[in-house]
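Bear in mind that the values here come from a model prediction, so they are computed numbers and not experimental data.
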Amino acid sequence: MRRPTLLPLLLVLVALAAGACAESDLRLSVDERGTGPSRTSDRPSGDPDDVVAVALGDLEEYWGDTLDEVYDVEFEPLQGGYVPYGPGTALPRCGTEPLTYDMIAENALYCPAEDLIAWDRVALVPDLQARFGALTVGLVMAHEFSHAIQNRAGLTAATVTLELQADCFAGAWVDDVDDRIDLFATDGDALDQAVAGLLELRDSLGVSGRDPMAHGSGFDRVGAFQDGFENGAEACTSYIEDPPSVVAIPFGSAKDQITGGNMALGELLPLLQKDLESFFTALLAEQGRTWDAVDGFEAFDPTDGPIRCGRAEVAGDELELASFFCASDDTAYMDGAELIPELEAIGDFAFGGELARLYAFAAQEQLDLDAGDEVREGLHADCTTGVYTAAQFLGQIPDQELQLSPGDVDEIIIAFLAFGGDSEASAFERTAAFRAGFVRGFEACEPILD
């Protein structure tokens, strides 16, 4: 996060002009910063080459049925076929420009000129599978296959629009394949690992949605994937005429780029609290209520002993990596010994999102919202956090002190993946709730508690 400057807030929440044709993903580079704590898969999934073969075979069958349904076009197999490559093997041909391994290392791509899908079978696929599981490998193949589908349907649009539509189509395939092939089952933490994989395949920090090679932020890509997973391939067809909003934030200054858009906690906290108080004052006013300011925030050390909240006492292991809002003393609590440093390591808005979530629980108390279910109440708080984040992004908080920096929205999702107790939903479900609030506003949060 950063303080607003005198320049107008640059928002990229606009539809991009159509016109760019589908191109290969030659710059689909893994972000060197990673996504925080390791998400190593413990799901057995076989040989990586076999995983790719199974995915591509099923994608042929899936699109053999689906392409005609959504675009009234008969599916034709890829003329150039499938080309695995590595540093010591033959590279795919793609048009008139020769490719070198350095150009396409650790990548997967669709080449429209040759109508082929190619992937790095040495440096990309085994690594993705080892860290995120077979489903993520299948998702990458589904994304590239979607570009072949766009080519067959004659679709043209801005690059980022086509990329997000490919993520959406990939999500539709994942939902369809779930019950048919155990290798790509979405039970357990498979969907969370797929989210983690998409975050690693996001654009580098500061890339604008207008960039001709943009693929989308982690929030954009995960959101498109969830759209297809939840609503099917038909929902993805609207992307060309009605492109999804893109949450892409450029760096505001050279200093901002050097710091990665992160502020020190001591500087951030008072400004963040002012914005949160201002946001929730406005939010409750819209609900016909008056916001009662949160009395305080306390960072605690679990080794210092128990914390009393009304008649309850939180102690021992329950305090480790814990954050909670205590209605009895109107205070937000967070483990300052382990959790806060871990959140800061992800980025400043990982902490900001967690504090916003605690304020969202305070809002539930003041609005008398009680589902009697900790999971649903947590998802509602995630949704409300999304509403707050959108207001921060759009500069809609009265007397706003802060504005978002590149990567801030993704930091919340990374924190979902890294931390969560037994009483919380999966990171995939939490991200869906957060996205609902961000895109559709507070009214989208109400059904969560029903």
Side-chain angles (χ1 to χ4, degrees), residues 34-45 128-129 131-139 167-168 170-179 182-202 218-231 321-324 339 342-343 346 350 353-354 356-358 360-361 371-386 389 409-439 444-445 447-450:
T35 57
S38 173
R39 300 292 300 173
T40 301
S41 173
D42 59 1
R43 180 188 296 267
S45 52
L128 283 178
Q129 182 170 318
R131 289 191 292 147
F132 304 114
L135 181 61
T136 299
V137 174
L139 191 161
D167 287 331
C168 183
W173 172 76
V174 167
D175 178 59
D176 186 80
V177 78
D178 179 23
D179 295 329
D182 291 342
L183 192 62
F184 304 122
T186 61
D187 58 339
D189 66 350
L191 284 175
D192 284 1
Q193 292 195 26
V195 168
L198 280 172
L199 285 169
E200 288 231 355
L201 297 171
R202 61 185 168 160
F219 177 79
D220 297 328
R221 301 200 65 177
V222 172
F225 170 75
Q226 289 183 324
D227 188 16
F229 184 85
E230 295 166 358
N231 302 310
L321 298 174
S323 66
F324 56 93
L339 179 59
E342 292 282 2
L343 293 172
I346 295 171
E354 186 63 24
R357 190 171 188 253
L358 299 184
F361 283 118
D373 181 296
E374 290 186 2
V375 172
R376 283 190 291 156
E377 289 169 1
L379 288 172
H380 185 275
D382 292 326
C383 183
T384 305
T385 302
T389 303
V409 181
D410 291 356
E411 288 164 8
I412 291 183
I413 302 175
I414 295 169
F416 288 167
L417 289 162
F419 305 104
D422 295 336
S423 62
E424 293 179 349
S426 69
F428 185 83
E429 294 169 317
R430 295 185 65 189
T431 300
F434 174 78
R435 171 173 152 258
F438 189 101
V439 175
C445 306
I448 295 175
L449 293 178
D450 292 341

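Partners of Glu354 under the side-chain hydrogen bond (donor to acceptor under 3.5 Å, both in side chains) rule, at least two apart in sequence or in another chain, are Ser323. Listed by chain and number, the residues in a side-chain hydrogen bond (donor to acceptor under 3.5 Å, both in side chains) with Glu429 are Ser426 (sequence neighbours excluded). For Ala415, the side chain to side chain contact (heavy atoms under 4.5 Å, CB included) criterion is met by Leu343, Ile346, Ala350, not counting sequence neighbours. Asp176 pairs by the salt bridge (Lys or Arg N to Asp or Glu O under 4.0 Å) definition with Arg180, not counting sequence neighbours. When the side-chain hydrogen bond (donor to acceptor under 3.5 Å, both in side chains) test is applied to Arg430, the partners found at least two apart in sequence or on another chain are Asp382, Glu424. Residues satisfying the side chain to side chain contact (heavy atoms under 4.5 Å, CB included) test with Asn231, not counting sequence neighbours, are Asp227, Ala235.
The aromatic ring centres of Phe416 and Phe428 sit 6.0 Å or more apart. Between Phe324 and Phe361, the distance from one ring center to the other does not fall under 6.0 angstrom.
Taking all atoms of both residues into account, the shortest heavy-atom contact from Ala185 to Leu135 is O-CD2, 4.3 Å. Closest heavy-atom contact between Thr385 and Ala360: OG1-CB, 4.5 Å. Pairing each heavy atom of Phe132 with each of Gln193, the nearest pair is O-OE1, 2.7 Å. Taking both residues in full, the closest heavy atoms of Val375 and Ala425 are given as CG1-CB, 3.9 Å, listed atom of the first, atom of the second, then distance. In plain terms, the two heavy atoms of Cys445 and Gly437 that are nearest each other are SG-CA, 4.4 Å. A pairwise comparison of heavy atoms in Ala444 and Cys383 identifies C-SG, 4.0 Å as the closest pair.
Here the straight-line distance linking atom CD of Glu230 with atom SG of Cys168 works out to 10.0 Å at 0.5 Å rounding. If you take CG on Asp178 and CZ on Phe229, they are separated by 6.0 Å, rounding to the nearest 0.5 Å. One finds the CD atom of Glu377 at 11.5 Å from the CD1 atom of Ile448 (value rounded to the nearest 0.5 Å). The CG atom of Asp179 sits 10.0 Å away from atom CG of Asp182, with the distance rounded to the nearest 0.5 Å. Note that the CD atom of Gln226 and the CG atom of Leu198 stand 9.5 Å from one another [nearest 0.5 Å]. Atom CD of Glu200 and atom CD1 of Ile414 lie 9.0 Å apart (nearest 0.5 Å).
In terms of modelled atom types and a separation under 3.5 Å, the side chain of Asp410 and the main chain of Gly218 share a donor-acceptor contact. Between the Arg376 side chain and the Asp450 main chain, a donor and an acceptor come within less than 3.5 Å of each other.
Val174 places none of its side-chain heavy atoms less than 4.5 Å from the side chain of Phe184. In this structure, the side chains of Thr431 and Asp192 stay at 4.5 Å or more apart for every pair of heavy atoms.
When each of Ile412, Val439, Val222, Thr384 is tested with Phe434 by the rule side chain to side chain contact (heavy atoms under 4.5 Å, CB included), just one qualifies, namely Ile412.
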